[in-house]
Amino acid sequence: MSTDATYFADMEAKIPHGKTRTRFAPSPTGYMHVGNLRTALYTWLIARNQKGTFILRIEDTDQGRLVEGAVDVIYRTMTECGLSHDEGPDVGGPVAPYIQSERRDTYGKYAHLLVEKGCAYYCFCEKTESQEDSGDFSRGEDPCRSLTAEEVQAKLNAGLPYVIRQKIPREGSTTFHDAIFGDITVENSELEDQILLKSDGLPTYNFANVIDDHLMGITHVVRGSEYLSSAPKYDLLYRSFGWEIPTYVHCSPVMRDQHNKMSKRYGDPSYEDLKAQGFLTEAILNYVALLGWSPRGEQAEQEIFSLQELAEAFDIGGISKSPAIFDIGKLTHFNALYLRAMTPEAFHAVAEPYIRQAVKNPALDTKEIAALLQARCERLTEIPEKIGFFETLPAYEKDLFTNKKSKTNDEVSKAMLEAAIPALESLPGWTQDSIHDCLIGLAEKLAVKNAALMWPVRIAAAGCAVTPGGAVEICRILGREETLRRLRLGLEKL
RNA sequence: GGCGCCAUAGUCAAGCGGUCCAAGACAUCGCCCUUUCAAGGCGGUAACCUGGGUUCAAAUCCCAGUGGCGUCACCA
């Protein structure tokens with residue numbers, strides 16, 4: 001026992017004190033869903049806001065659920081999002097290791113310490129169905145709860161498998177405090193003697209979390225509200241050890257609709273899915289931050305926040321209690337805003353691969369196409385379909401030439417194209433201004449509205465009703481030769 | 001079902017007893033501008049779950065009902 005006493009003393013001695021310390025503690029199941037991302041973000045934000053330390057811890061105590069490569073997904077997502085951690089499996093730190101499967105001995109020692117303190121007990125029962133159904137089994141009715149030390153020793157000597165259960169007081173109630181929900185009181189009789197150490201010697205999440213959060217000096221425990229009903233048991237555990245209780249921050253879930261949480265099962269997008277759908281990381285983070293949190297005071301109206309601005313503005317008091325439904329439409333709007341706010345160079349850089357998906361002809365300048373796209377694109381993935389016409393003229397019906405607002409029909413369009421073709425043929429230069437002046441001048445000469453001329457030209461040049469940019473831009477980018485070829489083809493239809 | 005939590009427009013939400021016949025944003029609808037669609041500008045429709053209290057005064061506090069969510073694993 002004396003060696004254990006020094007062990008515990010050593011562990012306690014390592015715990016950093018004073019600064020805010022938060023941790024994101026995912027289990028490696030291979031999927032960073034939006035709710036997870038938001039929890040990670042809020043956790044990071046609390047640490048950064050208070051100039052504290054952000055820790056990444058991997059919770060892999062369930063041997064059956066490990067997913068190959070899942071940890072990499074977590075690292076990659078965190079890095080891409082700029083949610084840098086100060087301590088973690090890959091960077092180490094004063095309270096290493098940061099992977100729970102590597103801390104196995106620690107949990108065992110603390111579980112046995114709790115047994116010594118009389119706050120936990122060995123349980124040799126094999127759960128039967130009737131016991132499960134009765135519900136009494138683990139609520140103070142477990143026969144193993146009252147085994148004598150001798151009986152326990154005998155069973156241990158016999159090599160019987162066991163778990164260690166928390167011994168919940170039978171009487172009274174437990175009140176814990178949550179930063180979002182306030183004080184919550186639960187009757188102890190409602191709490192079960194939960195398993196702390198499984199028969200494989202590994203801790204349950206509920207136990208490992210408390211041990212690690214304490215040993216790592218975590219000041220703010222941020223997690224999903226599904227843990228709210230377990231929180232009183234955590235409090236009891238902290239008290240049994242005589243440890244200081246951290247600030248709980250239980251966040252309500254991100255929902256796919258009124259009834260269901262976002263989940264992989266229903267095909268709801270993960271962070272990586274959203275990226276693949278053409279959303280920018282910054283827009284995703286900004287939107288997700290506001291899904292369940294809103295700024296206070298003079299920033300109450302602000303919606304666009306950089307990660308840095310979020311870190312400065314974030315406060316726990318602004319986190320909302322009720323679940324929030326994920327609205328891809330609003331995310332799309334945020335994405336459009338971010339896309340437009342980029343410099344033309346930056347936009348071109350992200351858009352180019354999408355442009356090249358549809359436009360392979362090297363004569364077509366991706367910079368010019370990107371410039372047209374920037375103000376009329378909400379998601380990068382919609383780019384190819386918007387600009388396919390630059391590469392090949394789509395097959396189109398001649399009724400596209402009819403537009404009531406522009407006052408065009410077949411006859412008018414025919415006349416317009418007949419006039420435009422020679423004018424463009426003889427145009428000295430081929431620039432935005434020269435084409436513009438040429439066509440506007442022509443409309444004036446023909447005494448028609450600009451639209452009456454522009455509409456047929458654009459339709460013939462693009463072959464589709466909706467285009468990024470107007471007739472002039474399209475002609476310019478296509479080049480004179482291709483433009484004229486297309487206008488003649490259009491004329492043939494009429 | 002027990003226990004716990006939550007409840008402002010279709011959605012995200014401000015509101016912490018009077019300044020609320022309730023802000024802002026997305027979506028939606030209409031108008032303007034325009035070389036089409038879009039973008040941009042302007043404007044409209046749309047909410048305090050219900051019922052009781054407390055109070056001079058309630059979206060805001062209390063209680064009940066209803067609804068929703070969570071939880072009741074050797075999963076996290």
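Throughout, a chain's letter reflects where its sequence line sits, starting with A, and its residues are numbered from 1. All values derive from a computational prediction rather than experimental measurement.
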Considering only heavy atoms and no angle criterion, is a donor-acceptor pair shorter than 3.5 Å present between the side chain of [X] and the base of [N]?
X: A/Arg458; N: B/U35; answer: no
X: A/Ser199; N: B/C74; answer: yes
X: A/Lys330; N: B/A25; answer: yes

message: With a 4.5 Å cut-off on side-chain heavy atoms, are A/Leu290 and A/Tyr287 touching?
response: no

Look at the side chain of [X] and decide which nucleotide, out of [options], has an atom nearest to it.
X: A/Ser27; options: B/C6, B/C3, B/A76; value: B/A76
X: A/Met255; options: B/C69, B/C74, B/A76; value: B/C69
X: A/Phe181; options: B/A7, B/C5, B/U11; value: B/C5

Base partner of [N], which must satisfy Watson-Crick or wobble distances under 3.5 Å:
N: B/A27; result: none
N: B/A47; result: none
N: B/G1; result: B/C72

Using a 3.5 Å cut-off and no angle test, enumerate the donor-acceptor pairs between side-chain atoms of residues 326-335 of chain A and protein atoms at least two apart in sequence or in another chain.
unit_1: A/Asp327; atom_1: OD1; unit_2: A/Gly329; atom_2: N; d: 2.9
unit_1: A/Lys330; atom_1: NZ; unit_2: A/Glu303; atom_2: OE2; d: 3.3
unit_1: A/Thr332; atom_1: OG1; unit_2: A/Ile328; atom_2: O; d: 2.6
unit_1: A/Asn335; atom_1: OD1; unit_2: A/Leu280; atom_2: N; d: 2.8
unit_1: A/Asn335; atom_1: ND2; unit_2: A/Gly278; atom_2: O; d: 3.2
unit_1: A/Asn335; atom_1: ND2; unit_2: A/Glu378; atom_2: O; d: 2.7

- line: Rounded to the nearest 0.5 Å, the NZ atom of A/Lys445 sits from the CD1 atom of A/Ile440 at a distance of 13.5 Å

So what does [X] touch, heavy atoms closer than 4.0 Å: a base, only the sugar-phosphate, or nothing?
X: A/Lys261; answer: nothing
X: A/Ala324; answer: sugar-phosphate
X: A/Gly469; answer: base
X: A/Phe334; answer: nothing

query: Counting N and O atoms only, with roles assigned by atom type, does the side chain of A/Tyr338 sit under 3.5 Å from a partner on the main chain of A/Ile284, one being a donor and the other an acceptor?
result: no

Between protein and nucleic acid, restricted to nucleotides 42-49 of chain B and to nitrogen or oxygen atoms under 3.5 Å apart, what atom pairs and distances do you find?
none

Within less than 4.0 Å of OP1 or OP2 of [N], is there a side-chain N or O belonging to [X]?
X: A/His333; N: B/A27; value: no
X: A/Gln258; N: B/U11; value: yes
X: A/Lys198; N: B/A76; value: yes

Rounded to whole angstrom, note down the [atom1] distance from [N] over to [M].
N: B/U28; M: B/G70; atom1: P; value: 30 Å
N: B/C6; M: B/A46; atom1: C1'; value: 24 Å
N: B/C33; M: B/C26; atom1: C1'; value: 24 Å

Lys NZ or Arg CZ of A/Lys493 over A/Tyr396 ring: under 6.0 Å, within 45°: yes

message: If you assign each of A/Gln432 and A/Ser225 to its closest nucleotide in RNA chain B, which residue comes earlier from the 5' end?
response: A/Gln432

task: Return the orientation label for the A/Tyr42 and A/Phe314 ring planes: parallel under 30°, perpendicular over 60°, tilted otherwise.
output: tilted

task: Scan side-chain atoms only and decide if A/Thr366 and A/His348 contain a donor-acceptor pair under the 3.5 Å cut-off.
output: yes

query: When the distance from CD of A/Glu187 to P of B/C5 is rounded to whole Å, what number comes out?
result: 12 Å

Please list each protein N or O that sits under 3.5 Å from an N or O in nucleotides 14-18 of chain B, with the distance.
unit_1: B/A14; atom_1: OP1; unit_2: A/Ser294; atom_2: OG; d: 2.7
unit_1: B/C16; atom_1: N4; unit_2: A/Arg296; atom_2: NH1; d: 2.2
unit_1: B/C16; atom_1: N4; unit_2: A/Arg296; atom_2: NH2; d: 3.2

